[in-house]
Amino acid sequence: MEVGFLGLGIMGKAMALNLLCNGFKVTVWNRTLSKCEELLEHGASVGETPAEVIKKCKYTIGMLSDPSAALSVVFDKDGVLEQICNGKGYIDMSTVDADTSSRISEAITKKGGYFLEAPVSGSKKPAEDGQLVILAAGEKALYEEITPAFNVLGKKSFFLGQVGNGAKMKLVVNMIMGSMMNAFSEGLVLADRSGLSQQTLLDIVELGGIANPMFKQKGPAMIQSSFPPAFPLKHQQKDMRLALALGDENAVSMPVAAAANEAFKKARSLGLGDHDFSAVYEAVKAPKS
């Protein structure tokens with residue numbers, strides 16, 4: 001099975017590599033072409049433009065950083081739309097809002113192509129291990145055809161119906177995750193300022209009803225002020241913003257998420273945007289401005 005892959009950031013690179021290691025032929029493209037070099041060593045081909053990748057491959061996956069990047073790859077010169085046609089499928093695995101997904105879907109289906117949105121729950125390590133959770137929506141036939149690739153990339157995929165539902169579900173999941181990380185950070189700081197051992201707090205949390213893989217994985221590095229980027233904080237804050245907009249659309253009061261978003265914005269203002277999203281801990285620790 002030959003698959004195109006657009007976008008080789010932290011997630012995209014790991015995902016494309018997984019496909020290559022599992023016997024897929026993969027043609028990659030990235031805005032910074034030098035990021036393609038490591039994948040070349042593993043047998044990938046390189047397309048000079050998104051249009052070139054689409055022309056070559058029946059199925060192409062996009063994994064871009066935000067809505068503007070996702071739209072740019074589709075609509076700009078030498079973009080997806082220039083070569084998408086009958087019989088070709090485009091699968092956008094970026095985390096974007098439902099309106100962005102709908103715009104892309106409409107443009108691709110007008111050209112005769114098939115579209116599936118399939119954002120993922122999981123960060124760098126799950127991407128490397130093929131343990132992502134895939135939240136797909138759109139063309140059911142394309143979902144069924146691309147399932148062999150999804151089985152390599154993820155531990156479970158869900159088909160959620162019409163375009164927009166995948167995007168919305170991903171924003172809900174990331175909103176919960178960001179709110180939890182902010183509360184966890186506040187707890188770590190409160191323990192420390194109260195003269196308690198942060199490590200003991202981690203041990204206690206791990207044994208109780210609020211134990212979860214995120215706290216277990218991130219906590220030890222956080223108390224060492226180490227934040228290697230598995231999921232960059234700037235992307236988490238973008239997702240909080242998009243989730244709050246979804247809340248506005250549906251008249252849902254979200255005071256906890258709104259407060260967490262302010263903490264992530266503060267962390268960005270401290271220059272932590274490219275660190276892991278757990279670096280919101282530093283914003284909570286910082287004195288009030």
Side-chain angles (χ1 to χ4, degrees), residues 1-8 11-13 15-20 22-30 39 44-64 67 69-76 78-120 127 130 132-154 156-170:
M1 191 174 185
E2 185 161 10
V3 177
F5 207 102
L6 311 178
L8 300 175
M11 297 290 288
K13 180 179 171 185
M15 292 162 72
L17 196 55
N18 256 349
L19 290 171
L20 285 164
N22 282 276
F24 287 76
K25 291 181 179 176
V26 183
T27 299
V28 298
W29 170 88
N30 193 73
L39 293 169
S45 304
V46 176
E48 292 193 5
T49 64
E52 190 178 305
V53 177
I54 294 283
K55 184 177 182 179
K56 184 179 178 189
C57 303
K58 183 176 180 182
Y59 308 107
T60 300
I61 292 169
M63 188 62 172
L64 294 315
L71 290 167
S72 169
V73 159
V74 173
F75 290 97
D76 285 2
D78 298 320
V80 168
L81 281 187
E82 291 192 10
Q83 292 292 337
I84 201 81
C85 59
N86 285 330
K88 288 187 181 287
Y90 183 61
I91 302 101
D92 191 353
M93 301 187 79
S94 318
T95 297
V96 300
D97 55 288
D99 284 347
T100 297
S101 255
S102 296
R103 280 182 64 190
I104 294 171
S105 174
E106 188 179 329
I108 283 171
T109 51
K110 269 187 182 174
K111 296 288 292 282
Y114 297 104
F115 178 74
L116 195 69
E117 61 171 357
V120 300
L132 298 167
V133 178
I134 298 167
L135 311 173
E139 180 59 56
K140 185 71 181 288
L142 179 55
Y143 173 75
E144 289 168 353
E145 290 170 29
I146 203 67
T147 291
F150 284 174
N151 288 343
V152 165
L153 297 172
K156 176 79 173 173
S157 60
F158 293 85
F159 182 76
L160 302 172
Q162 67 185 15
V163 168
N165 286 350
K168 291 173 187 175
M169 185 67 82
K170 176 62 193 295

Next on the checklist: Minimum heavy-atom separation for Met169 and Leu160, please, with both atom names.
Outcome noted: CB-CD1, 3.9 Å
Checklist entry - If you round to the nearest 0.5 Å, how far is OG1 of Thr100 from CG of Leu71? => result 5.0 Å
Item to check | Check: Thr27 and Val46 side chains under 4.5 Å, non-hydrogen atoms | outcome: no
Item to check | Residue pair Tyr90, Val74: steps toward the side chain to side chain contact (heavy atoms under 4.5 Å, CB included) verdict | outcome: CA-CA 10 Å; Tyr90 183 61; Val74 173; 3.9 Å; yes
Next on the checklist: Minimum heavy-atom separation for Lys13 and Leu39, please, with both atom names.
Outcome noted: O-CD2, 4.1 Å
Checklist entry - What distance do Trp29 atom CH2 and Thr60 atom OG1 have between them, rounded to the nearest 0.5 Å? => result 12.0 Å
Please tabulate, for the side chains in residues 108-119, all donor-acceptor contacts under 3.5 angstrom to protein atoms that are two or more places apart in sequence or on a different chain.
unit_1 : atom_1 : unit_2 : atom_2 : d
Thr109 : OG1    : Ser105 : O      : 2.8
Thr109 : OG1    : Glu106 : O      : 3.1
Lys111 : NZ     : Leu81  : O      : 2.4
Glu117 : OE1    : Ser101 : OG     : 2.6
Glu117 : OE1    : Ala167 : N      : 3.3
Glu117 : OE2    : Gly164 : N      : 2.6
Glu117 : OE2    : Asn165 : N      : 3.2
Glu117 : OE2    : Gly166 : N      : 2.8
Glu117 : OE2    : Ala167 : N      : 3.4

Checklist outcome for this item: Contacts of Lys55 meeting salt bridge (Lys or Arg N to Asp or Glu O under 4.0 Å) (sequence neighbours excluded), chain-then-number -> none
Next on the checklist: How about CD on Glu2, more than 12 heavy atoms from neighbouring residues, nucleotides or ligands closer than 6.0 Å, or not?
Outcome noted: yes
Next on the checklist: With a 4.5 Å cut-off on side-chain heavy atoms, are Phe150 and Met93 touching?
Outcome noted: yes
Checklist entry - What is the distance from atom CZ of Phe158 to atom OH of Tyr143, rounded to the nearest 0.5 Å? => result 8.5 Å
Item to check | Rounded distance (nearest 0.5 Å) linking atom CG of Leu6 with atom CD1 of Ile54 | outcome: 6.0 Å
Next on the checklist: Is there a side chain to side chain contact (heavy atoms under 4.5 Å, CB included) between Phe24 and Asn18? Walk through the geometry before answering.
Outcome noted: CA-CA 9 Å; Phe24 287 76; Asn18 256 349; over 6 Å; no
Checklist entry - Any side-chain heavy atom of Leu132 within less than 4.5 Å of one from Met15? => result yes
Next on the checklist: Going by salt bridge (charged side-chain N to carboxylate O under 4.0 Å, His left out), name the pairs with one or both residues in residues 86-98, residues two or more places apart or in two chains.
Outcome noted: none
Next on the checklist: Please find the pair of heavy atoms, one from Met1 and one from Pro148, that lie closest to each other, and give the distance.
Outcome noted: SD-CB, 4.3 Å
Checklist outcome for this item: All heavy atoms of Leu19 vs all of Ala149, minimum pair found to be CD2-CB, 3.9 Å
Checklist outcome for this item: Phe5 and Met63 have their tightest heavy-atom pair at CE2-CB, 3.8 Å
Checklist outcome for this item: Rounded to the nearest 0.5 angstrom, the CG-CE distance for Leu64 and Met11 is 13.0 Å
Item to check | Exercise: do Ser45 and Lys56 side chains pair donor with acceptor under 3.5 Å | outcome: yes
Item to check | Gap separating the OG1 atom of Thr147 from the CD atom of Glu145, nearest 0.5 angstrom | outcome: 9.5 Å
